[in-house]
S.K.: 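Structure provided below as structure tokens; questions to follow.
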Amino acid sequence: MRHKDFYINQLSNLPEGKETTIAGWVEDTRDLGKIKFLKIKDCTDSVQVIWKTEESPEEIGRLVEKINQNDVVKVKGTIRKSKVAKKGFELVAKEIEVLNKSKHPLPLEIRGKINASLDVRLDNRPIDLMRPRTAKIFKLFSEVLKITREFFYEKGFVEVVTPRIISTATEGGANLFELNYFDKKAFLAQSPQLYKEQLTMGLERVFEIGTFFRAEPFDTTRHLNEFVSLDIEVAFADYNDVMEILANLIRTISKELDKLDGEYKEVLNEKFLEYKDKEIESYSYKEVVNMVKKEGGKINYGEDISSEHIKLIKDLKDKFFFVTDWPENTKPFYIKVKDDGTTESFDLMFSELEICSGGTREENREKLENRITKMGLNLSSFSEHLKFFSYGMPPHAGWAIGFNRLMMIITGENNIRETTLYPRDKNRLIP
Ligand code: ATP
């Protein structure tokens, strides 16, 4: 690389006396006159750079005096093993170049001593990412994406990318952002639901990781207007099959993160790590309604189960659980209805937070059309989708995980904005 030979975490492997160039940000400076120290960090680690009158050029000493916290620098030096240096070695400065200066004070404290408010941190997200904890959360986000992709590739799934610009509502709801598409009206997709179902005809097993949009003026710690969704759809499967895939994915993520050797310890939720060898419990909708009633909660069969309801049930705190077999009226048109009026559906919860929702889909065109009509939706707006159900649509099932919410559970954070790089809500459109 033009400006550096190594990342800082690679330096410990270098031999005594090796000359090398690093680049990064000044974390700290200490001036003892004849000896000056700079602590330099990059995205991997930090290292102590030392300047002494007798071993480094005079002009570097003068330059070091003008260097401030967060200036971007390039340092050429030699490795010296040292018992007193924290890392067991330091870099003896030979040349220093300031690549860019930083203004002071910074909009927020990045060395973790004073916690700025979430709003200030979000207003300055790139600077917030220089705080070790924030950086760790998003590196962990990337690890979880990697584990997830590997999990599905290994199982023979095909990764797909479906359109974000669509012509009709996916589920018939009104919560879509509208946009001008040349001389037509178009919308931002709220989910890849209909596309992923269609793709089971040719590809059988698909998954997609991408952002989707909901146009509701949410004001909660678990909703955003743009969120990352992990979707799967599997041909010839039912809801039990895809629940098993989901439980297996949670177990795999937990196991793999546990292996990362403490690197993410401070941002990992112990309760999540228990799932490397713990089963996910399962309750029917009816059972949960009865549990809510037993705790004195007010709920009627057929009503949605809210976070407030779940909070009443102490036994469900800090754990994953499935809620299955929801009544027909609580689920979208594409979910398969059983003869008893319940559906082949499930939600995955962690405490009172819904992480995932899925089920067996209806593959019979006539039954689908009846359901769309029964729900008061306009059949003609789904005609382009429904036509494929006449040409060999296989039975299929799938689910969608809110990835930012999953990351809330993995990190133990209680606001979705902590696990979203640039959150979009009704009050926030920048940065
Ligand atoms: P909720 O009832 O919590 O509003 P939903 O029933 O609208 O969610 P689905 O449409 O079933 O959610 O979406 C599947 C998953 O996507 C949810 O379980 C959730 O994890 C995630 N999700 C849905 N809407 C949002 C949102 N606005 N912000 C963040 N994640 C979301």
Side-chain angles (χ1 to χ4, degrees), residues 141 144 148 162 164 166 169-177 187-197 207-233 239 242-243 246 249-250 253 272 280 285 288 299 303-311 320-324 326-327 329-335 343-361 375 397-411 413-429:
F141 194 111
V144 180
T148 302
T162 59
R164 298 297 177 268
I166 56 167
T170 313
E171 302 179 20
N175 54 353
L176 290 164
F177 287 110
F187 305 94
L188 288 179
Q190 64 188 162
S191 94
Q193 183 63 35
L194 306 188
Y195 292 107
K196 65 176 178 167
E197 285 194 50
F207 79 100
E208 174 160 17
I209 302 173
T211 50
F212 289 92
F213 307 88
R214 302 277 161 107
E216 288 166 58
F218 301 112
D219 194 8
T220 78
T221 51
R222 61 180 197 279
H223 289 96
L224 291 175
N225 295 98
E226 179 179 27
F227 65 100
V228 180
S229 184
L230 159 62
D231 275 82
I232 75 160
E233 205 63 36
Y239 70 142
V242 292
M243 274 160 73
L246 178 53
L249 173 68
I250 298 287
I253 295 173
F272 178 78
I280 296 181
Y285 167 88
V288 177
I299 185 166
E303 261 178 54
D304 198 10
I305 302 171
S306 70
S307 309
E308 296 312 312
H309 289 135
I310 298 291
K311 276 190 200 160
F320 280 114
F321 58 96
F322 286 114
V323 184
T324 65
W326 291 69
N329 66 298
T330 61
K331 288 289 165 188
F333 72 86
Y334 47 80
I335 290 282
T343 55
E344 294 195 14
S345 61
F346 66 90
D347 281 3
L348 177 70
M349 312 283 297
F350 188 95
S351 294
E352 68 272 13
L353 185 66
E354 180 195 317
I355 306 293
C356 176
S357 155
T360 315
R361 322 304 191 185
M375 288 178 82
W399 45 249
I401 292 185
F403 207 82
N404 316 74
R405 286 195 193 173
L406 176 65
M407 289 308 300
M408 285 170 74
I409 303 307
I410 293 177
T411 56
E413 290 290 348
N414 51 25
N415 191 327
I416 194 164
R417 290 158 187 81
E418 294 284 3
T419 57
T420 307
L421 272 173
Y422 293 99
R424 291 286 174 263
D425 61 34
K426 68 175 185 198
N427 299 316
R428 182 173 289 283
L429 196 50

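When a ligand or atom number is given, it counts from 1 through the structure's own listing order.
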S.K.: Which ligand 1 atoms are under 4.0 Å away from a heavy-atom of R222?
M.R.: 28 (N), 29 (C)

S.K.: Considering only heavy atoms from C-beta outward, does the side chain of T221 approach that of N414 to under 4.5 Å?
M.R.: no

S.K.: Any side-chain donor-acceptor pair under 3.5 Å between E208 and T162?
M.R.: yes

S.K.: Within the 4.5 Å heavy-atom criterion, are M408 and E418 side-chain neighbours or not?
M.R.: no

S.K.: Kindly identify the option in F227, F218, F212 whose heavy atom sits closest to atom 25 (C) of ligand 1.
M.R.: F227

S.K.: Is any N or O atom of G402, backbone or side chain, closer than 3.5 Å to an N or O atom of ligand 1?
M.R.: yes

S.K.: Would I401 count as being in polar contact with ligand 1, using the rule that some N or O on each side must be under 3.5 angstrom apart?
M.R.: no

S.K.: Hey, mind stepping through F322 and F346 against ring pair (Phe, Tyr, Trp, His ring centres under 6.0 Å) and telling me if it holds?
M.R.: CA-CA 6 Å; F322 286 114; F346 66 90; 5.6 Å; yes

S.K.: List every atom of ligand 1 that sits less than 4.0 Å from any heavy atom of I416, numbering the atoms from 1 in the order shown and giving each element.
M.R.: 29 (C)

S.K.: In terms of relative ring orientation, are F320 and F272 parallel, tilted or perpendicular, with 30° and 60° separating the classes?
M.R.: perpendicular

S.K.: Does the K196 side chain pair with the main chain of I232, one donor and one acceptor, at a distance under 3.5 Å?
M.R.: yes

S.K.: I need the atoms of ligand 1 closer than 4.0 Å to a non-hydrogen atom of C356, numbered in the order shown.
M.R.: 18 (O)

S.K.: Can you see which heavy atom on T360 is nearest to which on A397, and at what distance?
M.R.: CA-CB, 3.8 Å

S.K.: Specify side chain, backbone, both or neither for E354, according to which of its non-hydrogen atoms lie closer than 4.0 Å to ligand 1.
M.R.: both

S.K.: Please confirm whether N404 approaches ligand 1 to less than 4.0 Å, judged on its heavy atoms.
M.R.: no

S.K.: For R164 and F213, indicate whether the former's side chain and the latter's backbone hold a donor-acceptor pair under 3.5 Å.
M.R.: no

S.K.: Does at least one non-hydrogen atom of Q190 fall below 4.0 angstrom from an atom of ligand 1?
M.R.: no

S.K.: For ligand 1, which atoms, with element, lie under 4.0 Å from some heavy atom of S357?
M.R.: 11 (O)

S.K.: Looking only at heavy atoms, is any part of H223 under 4.0 Å from ligand 1, and if so is it the side chain, the backbone, or both, or is it neither?
M.R.: both

